[in-house]
Structure formats: C-alpha cells, structure tokens
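The block underneath contains the structure these notes are about, expressed in structure tokens.
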2 protein chains.
Amino acid sequence: MAKRKVVERQTGVALWRQIADRIRLAISNGDYDAAGMVPPETVLAGEFGVNRHTVRSALAALAEEGLVRAVQGRGTMIERKERVSYPISRRTRFSQGLGRQVKEIGTRLLGHAELRAFGDIASALGIAPGEPVIELRTVSSGDGRPLSVSASYYPAARFPRMAEEFEELHSVTKAFAAHGLDDYVRVSTEIVARHADGDELSMLKLSAGAIVLEAQSVNADLDGRPVEYSRSCFAADRMKLRIET
Amino acid sequence: MAKRKVVERQTGVALWRQIADRIRLAISNGDYDAAGMVPPETVLAGEFGVNRHTVRSALAALAEEGLVRAVQGRGTMIERKERVSYPISRRTRFSQGLGRQVKEIGTRLLGHAELRAFGDIASALGIAPGEPVIELRTVSSGDGRPLSVSASYYPAARFPRMAEEFEELHSVTKAFAAHGLDDYVRVSTEIVARHADGDELSMLKLSAGAIVLEAQSVNADLDGRPVEYSRSCFAADRMKLRIET
DNA sequence: TACAGTTGTCTAGATCAATAGACATTTGAG
DNA sequence: CTCAAATGTCTATTGATCTAGACAACTGTA
C-alpha cells in the first residue's frame, strides 16, 4: 500500500479536508475492512506526504461525523461504512426502495405553499405558466441521519388537498390515492452533483464543502399526464443512486 | 436579490472557493441570464458578507476555468454556461446520446491491459474470480473539454481482441460487433458523487475540490449475460445525467 | 468633457492552516 | 512488568487566507 496518495496545495481546499474526503471514500470502498480500523496516523501522514497533525485534523473531522472513533493506545476504529442505495426505476417509491437498508425511515414535512408555476416547474408539469401548484418541502432520514431534502410540486387544479393529505397520511402515494389516482410512474430523472448550499448543509447536517446529488424527476399517471415534479437533494457521502432499467 | 447568502468559515474550504462554487452554480442555473454578466464585485461581497478581495479570488478562479471574463470598467461577463446532458437508458451508447449538444466528440484510449478479475469486476461480469478480463482506460471529451474518464472491463474469453478492435474502430459497439455481438442493453447503473482524486483532477483538467459523478454500469447481451462492466467518472460541473425509463 | 460605476493594484495587519519537534498517556503483547 | 505502538497534548514557526482601506485605470453615458 506504500503508494503515494496525492493531495494538492493552495487550491482553496485545506489539506486536512481533502484527506478526510479520501479516507471517507476508502472506508466506504471497504479498503480497510480487513483490520476494521484506519491505518495509524503516522502511516497515513507518510502516504499523503503531510505532517501527522494534518492527518489528525482529518480524523477529528471524521470522528465528528461519527464515522470513526479514536482510542488512545489502540488506534482509530471504523464505526460506520455503508452508503444507503436509493433505487430509481419506473416505479420509484421512496420508502419501499430503502427497505431493509435502514431500520427506521422518517419523512418530515418542513412546510407547504400554494404558488404559481413558472419556468422549470410549469414546463415539467405540462401546465400553463401562472397556473397554481402545491409545493411540499420535506426532509427524509434513515435511522436518525438525514438523507435528503426535497421540494415537490403538484398541479393544484387536480390535487387541491395534497398538503393536507400528505400531512395526515405521511405518504405521497397515499395522498395521490386520496385524490383518486391509484398508480403513477416515473418518466424522467435528471441528476447533477454539486456542492451543498447553506440551507442544505444545515438541514442535512453536513460540513461545508460537502456534496449533494440533486435528482430532478417527473412522475406521470398512466395516461402520461405529469402529476409530480420534484427536486431531491441527497447527501452524497451517505447515498448512492441505483438506476434500474 | 438583497438576500444574504451563507458561506461558512473554518470548515477547511476557503471562502473564495465556496463563493466560486456558488457563482458557478448560479451561472449554470441561469440566474444572471438577464444581464449576461455577473453582479459587480462590491454587490457580491455584500451578498456573501465578505471582503471584495475574497470575491475577486473567487472570480479569478472562474476566469481560470474559462467560465467568465472580467473587463476593467465594464464588469465580469459570462463566457459559457451549459452543462452537457448524458442520457442513461437501456440502450445507452456514448456518442449517440451527446448528439447535437457538442459538435465534436473525441474518445482517446489511455491504455489497456489484461488482468484477472476479482471483487466488483468478477461479480459484475458474473465470472469466476481469477478469470481473465480486458481493461480499457479511456478519456472522452466534447469540443475539446474533457467530460469523463472511464475504466471498462470485458470477459477476455468471449472478447479476446477487445483492445485491438477498439483501438482500430474507436467504438465499443463496433468492437462488440467485430466479436459477433450485435446488440446489448444496460442492466444496471449505480451513481455516486464524490470529490475528484488527483488523477481525475489532472485528466479532466479540474481544480481541486471539484466533484465527479461516478457511474458504475453493467451491460449485457440479449440473453442477459454480462458483456461489459464500466466505471465512468464525469466532471460534475460540465455534465448532468438524464435517466430515461 | 465630466462623472458614476466598475475592475485592477498595492500595502498592512489579523486569523487560519500546516509543519516541526518533544513528550505524555493508553493499550496490548510478550 | 516491560516495551513497542498507538493516540493525546503542548509550543513555536511559517505560509496561506481574509480583512481593511486607498487609489489607479478603464468604460459607457449624459
């Protein structure tokens, strides 16, 4: 393993943060599974070509995230390594897909509003600009860790009670059913990756420089009429997306 | 627009880099389309609550990327804003999908090797650990800008001349055809986002702290036997992935 | 031409990030 | 118990980042 791992200087990203990101990745790749612990600080410092204190800053950040735990005299143990896999298919349903990967799933409604659709929202839902839509803002978590924040939009003409039904039923699928829509399918998904903004950092409990996977998706009824447009931001270091075709 | 935009201090990511990322995102969202230019430095400094010099560092980084160009006396103009959209469907073919979005597509073979499959590679291809596979390493670019780097694996027993055929034909689809395989479909794709490592930074010509979208995919013949396993890393600030179901 | 608005440059000081070295403390193995 | 190996803590120094202020240079408009 004596291979020299590259970190770059004077790029606006502190060395300790670059190293923390690399170690986090190595953990989730299973590179350290044999021992169940991270290599000693002096070894890591040698591999990355930095001072031991710099490695310590990186490990302190990972300990803060709850990913590792350092024990004096023994070493730094890995506490948690998995990424939750989120499936995307024609029949994507949030809670079903996570299934056995997390014991307890929570979706919390942050707020809702009725507003007029323009731009992206109107064109994705196939309605005229200015038509009313219902907006739901939610945050979802698995076993207590926040996984995603979403903003979803529904044509108000067809689903007038979306916010109230969701608040009561805690499920988009059931809220649709309450409006007489029994089935729907996903017609498109666009995925980008970017740095999290301030709101996302705090809602997903991320540290600055963290990455989100943003999925913009459209669901439609079986006649092809769009019923939902949503933008979901997943904490990239906790999730992967699985495309099923 | 007087809204205060949050940047966080003491997180290991320099303020100028956080601000550069936010401005890049705003440009690609079209927030500044009306004027075709970025707001004045003093305005940005006010919005982000930092010194004007800090904003200047951010703009200098974006100018380095070729995204903006500052003109003394006038302002800072936007030079480029689009993200290339890469479609993922059952029939994903690299060059077809990019189609009209880029004028000129180049795929360059970085190298090839024959090695024994273990772990991910063996299980994805459904072959016994230790069986030989052909590895192709490629970098693809659109209109001169690198878009992705890939490592692809093919069972050597079935596709022994993969490297040579690809080198000659410059196309995976044609190289398959040369082995008697006329059609194949994508059976699964997994997507993660993470910070680029040193090799990716240099091959994709990114600046440190940049993000890659990594797609791990399996293609199979029409009988369902896997024929290709590949890991592609896309420069996240130049690409989005479009899932078609 | 005059002027407001913008980017470019310079200096100085404060704070953060990284290096270097020394030594303490804890753990597990022999 | 003894020792090697690991993490924890402290001090000091250097370079990068950020702030602050002042002023120069350029552009488009009145």
Side-chain angles (χ1 to χ4, degrees), chain A residues 1 4-23 32 34-64 67-79 207-209, chain B residues 1-2 4-23 32 34-64 67-79 195 207-209:
Chain A
M1 178 59 89
R4 177 62 155 263
K5 288 163 181 151
V6 187
V7 283
E8 311 214 336
R9 289 155 197 264
Q10 296 173 23
T11 58
V13 182
L15 293 180
W16 64 263
R17 179 149 286 287
Q18 294 183 54
I19 291 169
D21 292 335
R22 296 282 294 272
I23 295 174
Y32 305 140
M37 36 198 324
V38 171
E41 294 169 352
T42 48
V43 173
L44 289 171
E47 284 180 356
F48 289 109
V50 301
N51 192 274
R52 178 175 156 237
H53 293 297
T54 308
V55 169
R56 282 180 60 74
S57 300
L59 290 173
L62 295 176
E64 183 75 20
L67 211 65
V68 300
R69 186 167 49 89
V71 178
Q72 192 172 107
R74 289 183 63 192
T76 302
M77 267 140 294
I78 295 169
E79 293 280 276
S207 40
Chain B
M1 178 58 88
R4 176 62 155 262
K5 287 162 181 154
V6 187
V7 284
E8 311 213 336
R9 288 153 198 266
Q10 296 175 13
T11 57
V13 181
L15 294 179
W16 64 264
R17 179 150 285 286
Q18 293 184 53
I19 291 169
D21 292 334
R22 297 283 293 273
I23 296 174
Y32 305 141
M37 38 197 322
V38 170
E41 294 169 352
T42 48
V43 173
L44 289 171
E47 285 179 357
F48 288 110
V50 301
N51 191 275
R52 180 177 153 234
H53 293 297
T54 308
V55 169
R56 282 179 61 74
S57 300
L59 291 174
L62 295 177
E64 184 75 20
L67 213 64
V68 299
R69 185 168 49 90
V71 177
Q72 192 174 83
R74 288 183 61 194
T76 303
M77 268 141 293
I78 295 169
E79 293 280 276
H195 290 102
S207 40

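Below, read A as the first sequence line, B as the second, and so on, with proteins coming before strands; counting in each chain starts at 1.
To the nearest 0.5 Å, atom CZ of residue A:Arg22 and atom CZ of residue A:Arg17 are 14.5 Å apart. For the atom pair CG of B:Leu62 and CG of B:Asp21, the computed distance is 8.0 Å after rounding to the nearest 0.5 Å. The OG1 atom of B:Thr76 sits 11.5 Å away from the CG atom of B:Leu67 when rounded to the nearest 0.5 Å. Rounding to the nearest 0.5 Å gives a distance of 14.0 Å between CG of B:Leu59 and CZ of B:Arg69.
A straight line from CD1 of A:Ile19 to P of C:dA17 spans 14 Å, rounded to a whole angstrom. At whole-Å resolution of the value, NE2 in B:His53 and P in C:dA14 are 16 Å apart. As rounded to whole Å, 10 Å separates atom P of C:dG28 from atom CE of A:Met37. Distance B:Asn51 CG to C:dA12 C1': 13 Å, rounded to the nearest Å. Taking atom CG of residue A:Leu59 and atom C1' of nucleotide C:dA18, one finds them 16 Å apart after rounding to whole Å. C:dG8 atom C1' lies 7 Å from atom CZ of B:Arg52, rounded to whole Å.
Taking all atoms of both residues into account, the shortest heavy-atom contact from B:Glu79 to B:Val68 is CG-C, 3.8 Å. Between B:Gly75 and B:Met37, the shortest heavy-atom contact is CA-CE, 3.5 Å. Nearest heavy-atom pair, B:Thr54 versus B:Trp16, reported as atom, atom and distance to 0.1 Å: O-CB, 3.6 Å.
Residues satisfying the side chain to side chain donor-acceptor pair (under 3.5 Å) criterion with A:Arg74, sequence neighbours excluded, are absent altogether.
Residue A:Ser57 has no polar side-chain atom (N or O) positioned under 4.0 Å from OP1 or OP2 of C:dA17.
Inter-axis angle, ends of the helix from C:dT1-D:dA30 to C:dG30-D:dC1, five pairs per end, rounded to 10 degrees: 30°.
Checking side-chain atoms of B:Glu41 against main-chain N and O of B:Val55 turns up no donor-acceptor pair under 3.5 Å.
Protein chain A contacts DNA chain D over a range whose 5' and 3' limits, counting nucleotides with an atom under 4.0 angstrom from a non-hydrogen atom, are D:dA6 to D:dT17.
Comparing A:Gly12 and A:Glu41 against DNA chain D, the residue whose closest nucleotide sits nearer the 5' end is A:Glu41. Positionally, the nearest nucleotide of DNA chain C for A:Ala14 lies more toward the 5' end than for the other of A:Ala14 and A:Gly73. In terms of position on DNA chain C, the residue among A:Val71 and A:Arg17 whose nearest nucleotide sits closer to the 5' end is A:Arg17. For the pair B:Leu15 and A:Arg74, both in contact range of DNA chain D, the more 5′-proximal nearest nucleotide belongs to A:Arg74.
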